[in-house]
Amino acid sequence: MTTSNAIPDLLYDEVDDDLRASVRDMLATRAPWDKVLARIDAGESYDASLWRVIAADMGLAGLAIPESAGGAGAGFRRAAVVLEELGRAVAPVPYLGSAVVATQALLRAGETDLLAELASGERSAALAVPFALAPQAFTADPAGSAFAGNGVAAEGDSLSGTVKGVADALIADVLLVPASGRLFAVEAADATRTPLVSLDATRQLADVTFAGAVGREIASGERAAAAVRGALVAGAALLASEQLGIAEWCLSTTVDYLRTRYQFGRPVGSFQALKHRLADLWMGVTEARAVARYAAAVIADDGDDAEVAAALAQAYCGPLAVTAAEECVQLHGGIGFTWEHPAHLYLKRAKSASVAFGVAARHRAAIGSLVNLPSS
Amino acid sequence: MTTSNAIPDLLYDEVDDDLRASVRDMLATRAPWDKVLARIDAGESYDASLWRVIAADMGLAGLAIPESAGGAGAGFRRAAVVLEELGRAVAPVPYLGSAVVATQALLRAGETDLLAELASGERSAALAVPFALAPQAFTADPAGSAFAGNGVAAEGDSLSGTVKGVADALIADVLLVPASGRLFAVEAADATRTPLVSLDATRQLADVTFAGAVGREIASGERAAAAVRGALVAGAALLASEQLGIAEWCLSTTVDYLRTRYQFGRPVGSFQALKHRLADLWMGVTEARAVARYAAAVIADDGDDAEVAAALAQAYCGPLAVTAAEECVQLHGGIGFTWEHPAHLYLKRAKSASVAFGVAARHRAAIGSLVNLPSS
Amino acid sequence: MAEPVTAESLRKLVAGFLADHDPRGDRLEFLRARYDAGLAWIHYPVGHGGLGAPRALQPVVDAEFVAAGAPDNNARRNGIGLGMAAPTILRHGTDAQKRRFLRPLWTGEEVWCQLFSEPGAGSDLATLRTRAVRDGDDWVIDGQKVWTSLAHIARWAILIARTDPTVPKHQGITYFVCDMTAPGVEVRPLRQATGEAEFNEVFLTGVRLSDDLRLDAVGNGWRVAMSTLMNERVAIGGGAVPREGGMIGVLTQEWRERPELRVPALHDELLKYWVRAEAARLSAARIRQQLAVGEVGPEGSAVKLSFATLNQQMTGFELELLAGEGLLHDTWEMKRPEAVDFTDRTPSYRYLRAKGNSIEGGTSEILRNIIAERVLGLPAEPRSDKDIPWKDLPK
Amino acid sequence: MAEPVTAESLRKLVAGFLADHDPRGDRLEFLRARYDAGLAWIHYPVGHGGLGAPRALQPVVDAEFVAAGAPDNNARRNGIGLGMAAPTILRHGTDAQKRRFLRPLWTGEEVWCQLFSEPGAGSDLATLRTRAVRDGDDWVIDGQKVWTSLAHIARWAILIARTDPTVPKHQGITYFVCDMTAPGVEVRPLRQATGEAEFNEVFLTGVRLSDDLRLDAVGNGWRVAMSTLMNERVAIGGGAVPREGGMIGVLTQEWRERPELRVPALHDELLKYWVRAEAARLSAARIRQQLAVGEVGPEGSAVKLSFATLNQQMTGFELELLAGEGLLHDTWEMKRPEAVDFTDRTPSYRYLRAKGNSIEGGTSEILRNIIAERVLGLPAEPRSDKDIPWKDLPK
C-alpha cells in the first residue's frame, strides 16, 4: 500500500500570483472567448500566434525544463498555474501536450537537444498516443516489440501505422512516437495528420499516420516505457490544473450572472436552491484546488506518490469540471445553451478533458490497484 | 434477454382502498409509534396480540393463499397494500416473513396443511434463512447435499446446525428449513432461537440453532430449491411495498412538519432548497410506487419477469426508503435525531430493509445477468 | 351522437370513410375530408374535426388509418400547433377563430409556432416586455421573442404581449394569434451549443394584428397561456415506451454489441441507469393508466423532470463509455433541423442536445417548485412582485 | 516580552519550567503552575495562561510536555470550555471574569457547557425564548435549553437569553455565564437515535444570576454568540489526519482484511469514497496551511460540511458492505457517554451517530447558506424577521 501522509506545500506563492496575473492579462487581450469562438466558426484550430507569445515571448514553454537544458527550471508546480489560466480561458494552445506531456517524456528519456528547442519556444512537440489513453493502460509489451495503446511499428528507424485521436499534434513541429518498444522523434511534416471534428474544438484531435517516416530514436526498452508512462502520468496530473481553471471560470461566471439577473422581483442568486447548489460547487472547487496542487507538487518533486496523485487528480477534478460546466449551462438558463454564450466552450472542453488520459472510473480502478484495494 | 413490455395494472382498486383504510385505522389505534417505541424500551419484540388481530381477526394472513387452501385468494397484489400500511406504521409483526415468504415457499412446494393453518391465522411460519440472503445467492448445491446460504444439514429427518440472523423467527410457530437439498417444517419450539440486538428492533432477528430437531419434509430436490428461491424472490418483491410505505410516511411527515415549523419569520417549508429536495423525494416515491406495484403484480400473476421485477424492486425501493428516512431525520433538525421522535424507527427499519434479501448493488448485478448485460 | 361511441363503432365509421375516400388519392384532400368527417381528433367537438368522443379511443382510429396506408398529418412537424395552439383555440377562441384556424392546423397546411419566451424573461415568463398597443381596430406589437422553434416555416404563432404595464405583471398580458407573414415580423436563426439553429429569435417591429386575432379578453392572457403550457407538459409526458426504449437502449446496445468497451468500473453505473430508466418507464406507464381512468394528477411534471435528469446523465455516461470515440463530433456547421433527431446522431450531439432538456418547456427548477407547491402543498416563497405594477418591478 | 518568541525560546522556557516542576507530581498543581507560567495556551495574554505568542507555535510547547510525560488538561472532556467559552471570555469578559474563569477552565477543574439551542429555535437561534429579567443586582432566568452536552458534569455554562422582547430578535439578547449549581437549574438526559443520552435538556426556572455573570453589554448577546460560534467552526475544522484516517480507514481495513465481503459492484463505490476522502483530507491540509500563514478563509465551513456528508454516506455504505452483520447492534440501553467514540463502536452506532453530524454545530443547510452568502457573495433571501419586534414574529 502506498501511503503519503506528508503533504507538500499546496499554496501559491507570490511568484505564482504574478505569473497568473501576467498570463491572465495576456489572454484577456489576445484570446477573449469570442475570438476563440470565431476561430471555430472559421474552421481554424490551434492559435499559433497566441502559442508563440506564450511559449517564446513569455518563455512559459520551458517552465518545467531545467536551466541546464535551456529552461526556466521553475518546475511543474508553476506550469500548473499557467494551465489554470489556460483552462480558465479555454485557450487553443498546446501547452499541455508540448510543455507538459512531451517535455516530461523527453526529461524521462534523458533527451536534451529537442528539450532545448522546446524550452526556447522555437518548436513544439506532441506525444503520439490517443488523447484518451490512460497511463495505466499503457504498458510495454513483454516481448519488447510494440507498445500497447498505439498502432505504430518500427523497422529500424522507419515507422508505419496510425495513431488515432492525438491531441496537440496538429500544431506540433515534432512528434514523439512510441513504436516497437522504442521512443522516436519524428518531424511532424513527415507524418500525415488528419484533423478530426472534435467535441472540444479548442483542442482539436487528429489521426496521425506514418508511412515509412524516419524517426530518431530517443530511448528504448525500460527507459522508453518509463518515459511514455511518466509523460502520461504528468499529463493526467497537470490536466487537473486546467480542469480547476475551467471549474473556477464556470463557478465565478455563474455567480456573477445570478447576482445581477432578476426574476420574480428578486436576484435569481437569492433563491436558496441555487445558492445551495453553488455552495456545493464551491466546495468541490475548493477540494479540486487542493487535489490539483497536490498532483502538481508530487510531479514537480518526482515523488513516490505520483501515480496515485495523478489518478486521484483525474478521478476528482475531471468530473468536477464537468459538473461545474453543466451547472453553468443550466443556471444560465436558455442563454447558456446558445452558441453565442461561452458556456458551451467550457462544457465541451471539460467533458473532453474528463475523457483525456482515461475516464474517472479507470482512474479509480487504478487507485484500487495502487493502494491495495482489489476488486475481488 | 428478458423483456417485459406489457405492463400490468399498477393502480389500486376500490377494494385496495377499503383494505388500506381498515388496516390504517386498526394500526392507528393498536400500534401508534409511541407504543412501538415503548415495546423496544421494554425489551419486547414482536407484538403477538397485534399480529393476532391482523392475521386471524382481520384474516389478512391468508390474503395470498388460494381459497382451496383456506385463504382469501386475493393474491399478493392485495397483500402488498397491507405491507404498505405496515411499513407506514413500522409495525412489529411478521407479515412479510409469514404471509409472504413462508406462504410463497409452501405454495411453491405444494404443501397445503400448514398453508391452511397460516391462512386461518392460527399459526405463523418463517423461512429459516439469513434475512440478508439475496435470492440470486441461494442456489441448490449441485451435489444435492446442502443449500448454499444456510448452515443446516439433515440426516434423515434430523436437522443440525445454525442459521444466523433470521427475521420473523422469534414469533414463528413453525420454521421452514432448507437443509441438505430438502425443505423441512420444524416446530419452532424444537429449535433454539437466540434473539439478537437488531438495528431494526421492530423486526428483531434471531440466530436459530437445530440440534437434532425432527423435521417434516415438505419438498426435495428441484422443487425444494424452487420453493426457497421463489420465496426469496417474493420476499424481495413484496418488501418494496413496505419500503414504499416507509418512504411515504417519511415524506408526508416531513412535509407536514415543514409547513408548520417557522424559522427566520417564515415556514421552513417555504425555503426553496428544502422544497427542491422534497420535490425530488416525491419523484422518487412516485417512481417507487410504480416499481413496487409492478413487482407485486408480477409475483401475483406468477409472471416470467418475476426475478427482474424483484431485483428492480430492491435496487430501487430499498435505497429510496433509506433516502426518505434520512431526509426525514435531517429536515426535522435536532428533534428528528431524538429517541422521542419516531423518525429513528423509520431510519432503522429502512436501512435494515435495504440490506434484507441482499443490498441494491447485488440486485443490480442480478439484473445484469438477467437482461444480458455482463460485467466484462 | 345518440349511440355511445365504442371502439367498434369507430372502426365502422373509419371503414365507411375509407370506402368513400381513396387513401392513395390526393393527400390534402384526404386529410381535409377526414377532418370534416370528425375522424381527426375525435375528442374535439363535431364540426371541428371530432366527434366529442373519449380521447382514449383516438389510438383505435389512428391504427385503422395506418393499417389502410392513409397519409398522416405529419404531426411531428406541427407539434406546437397540435399540442398547444389547437387546444387553446378550442377552449378560448371564438367560433370564427375555430373555423378559420383548426382545420388547416390539423391537416398540416399551416404550421404554428409559439411566441412566449423572451430574452429578459426566462422562467419568470410573466415579466415579458413585448408591448401590444391598441390602435383603432388593430394592435401594434413591438418586442423580441426567443426559443421559437419552427418560426421560419410557421404561418401563425400564438403570442402573448403586454397590453397594460401599469397593473401587476400577471394582469396586464393579452393573448393573440400572430400572423407570421405580417410586415415587421423578422425571424433569425438562434444557434445552440450543438452548433445547430433548431430555434429562432423573432423580432416584432410595429407588427399590426387586427383585433379579431386576439384570443379571449384583454388582460386575460396569462390565464390562457397557463392552459397552453399545461397542454405542453401533458404532451411531453406522452407516449408508451418499451423496456430499454430511448437513451438506455442506446447504452445497452453499445454494451452488448461492443465487449471491448466494457470497463468493470462502468458496469454498476450502467445498471444504475437501467434501474432508473425502468423505474421512470413504469412510473410513466402508471400515470397513463391514471389518465385513462380519469385520475389526472400532477405527475406529468415528474415525468418530464426525471426524463431530463436521466437523459443528461446517460448521454454523459455514453461519452465516457466510448472514451476516444466519444470525443468526436460530426460537424460544427450551422444547420436548421425541423425536428430533433436524437438517437440517430453522434453521441456528442446527444450529450450537448440533452442539456436543453432541463431548460426547454419549463426548467427543472421551475418544475420542482411546481411539485413542491402544487403537489406537496409547501408554502410559496415570499414574493414582492405579485402586487407591484409591472413598470415598477426591479429588472 | 522584548525578544520575539521562537520555537527555540519556547523549548527553553518549557525546559526551565520542567526543571522546577515535577511532571510526575500532583497533577492539578502542575497544571496550575503551567498556566501561571504562560505555557497553557501561549497565544493568550500574559497573566491569563499565555505569552501573547503566535498560536502556530502551540504544538511545539505541547510536544515538549508530552515528551516529558506531563499530565494534560483532558481537553476532550472540556471541549466547549476550551473551544468556545474561553475565547469568548477572553474577548468579551471583564478582567475579573477572566481571572475567575480562565484558569480552572484550562486546568479542567471546571467543565463548561453551552446553553444556546432551544427546542423552538433550531437553526434560527436568534428567535430564542428563554427570558432574563433584571431584578436588582440579579437577573432571573426562565426557559428551556436543549442539545447541551456535558451539562450533567458542568460547573458553568455560557448562556444567551432574551432581555428585551420588544426589539427585533437579534437586538434583545444578552450573554451570561450561568452557574450550573444554582437553584432552578435542572438537567435531564436527552436520548438520541443511538439510544444513548449524549446530550441534555436544561430547564431554567427562576434561576438567579448576579449581574457580574453578564458578559459584555445588555443587548449585545447576539454579537458575542456569533464570535463563540465562529470559534466552534474553526475548532471542528481541526487536526491533521493521515491518508485513510477516519471512517475511510474503517472501510478500507474491512475490505482488505475480509475478502469474503468483497462484492464487485461495491468496489467502485468504495473507491469513490476513497477519492472523496482523500480530496477532503488534502483540502483540510491546504486550509491548515493557509491558516499557518495567516490567510484565514471561510473554508472551515466547507471542511465541516464535507465531513458530515461523507461520514454519513460512508457509514451507510459500511452497513451494506457488512450485509447481515451490519444489521446487528450492541445495546439499546440508555447510556451517558462523556465523549463520542466513533471508530470503536458498532457499525450500526456509527451509522446512526453520523446522522447528527449534519445537524450539530450548524446544520449543513445553514453552512451552505453561509458559503453562498459570505463566500460567494450571493444575495440574502428576502427577510421580514429582521426589523419586526421579536414578540410580533410568527412562530
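Order of the sequence lines sets the chain letters (A, B, ...), proteins ahead of strands, with each chain counted from 1.
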Contact leader toward chain A among D/A285, D/A302, D/G245, where contacts are heavy-atom pairs under 4.5 Å: D/A302

Main-chain N/O of [Y] paired with [X] side-chain donor or acceptor, under 3.5 Å:
X      : Y      : answer
D/W255 : A/P374 : yes
D/R368 : A/Q272 : no
D/Q289 : A/L10  : yes
A/K275 : D/P379 : yes
D/R256 : A/N372 : yes
D/H267 : A/L373 : yes

Spacing of [X] atom [atom1] and [Y] atom [atom2] [to the nearest 0.5 Å]:
X      : Y      : atom1 : atom2 : result
D/I371 : A/T286 : CD1   : OG1   : 7.5 Å
D/L376 : A/L258 : CG    : CG    : 10.5 Å
D/L270 : A/I367 : CG    : CD1   : 11.0 Å
D/L367 : A/H276 : CG    : NE2   : 9.5 Å
D/L282 : A/Y294 : CG    : OH    : 6.5 Å

Can you say whether [X] sits under 4.5 Å from chain D via the side chain, the backbone, both, or neither, judging by heavy atoms?
X      : value
A/D256 : neither
A/P8   : backbone
A/A365 : backbone
A/R364 : both

Given heavy-atom pairs under 4.5 angstrom as the criterion, report whether the side chain, backbone, both or neither of D/L266 touches chain A. neither

Non-hydrogen atoms of chain A under 4.5 Å away: do they reach the side chain of D/P242, the backbone, both or neither? both

For A/S270 and D/A380, the nearest pair of non-hydrogen atoms, with its separation, is CB-O, 3.5 Å

Electrostatic pair A/E287-D/R286, nearest N-O below 4.0 angstrom: no

Answer whether the closest heavy-atom distance between the side chains of D/R243 and A/V308 falls below 4.5 Å. yes

Side-chain heavy atoms of A/L274 within contact of D/L378, under 4.5 Å: no

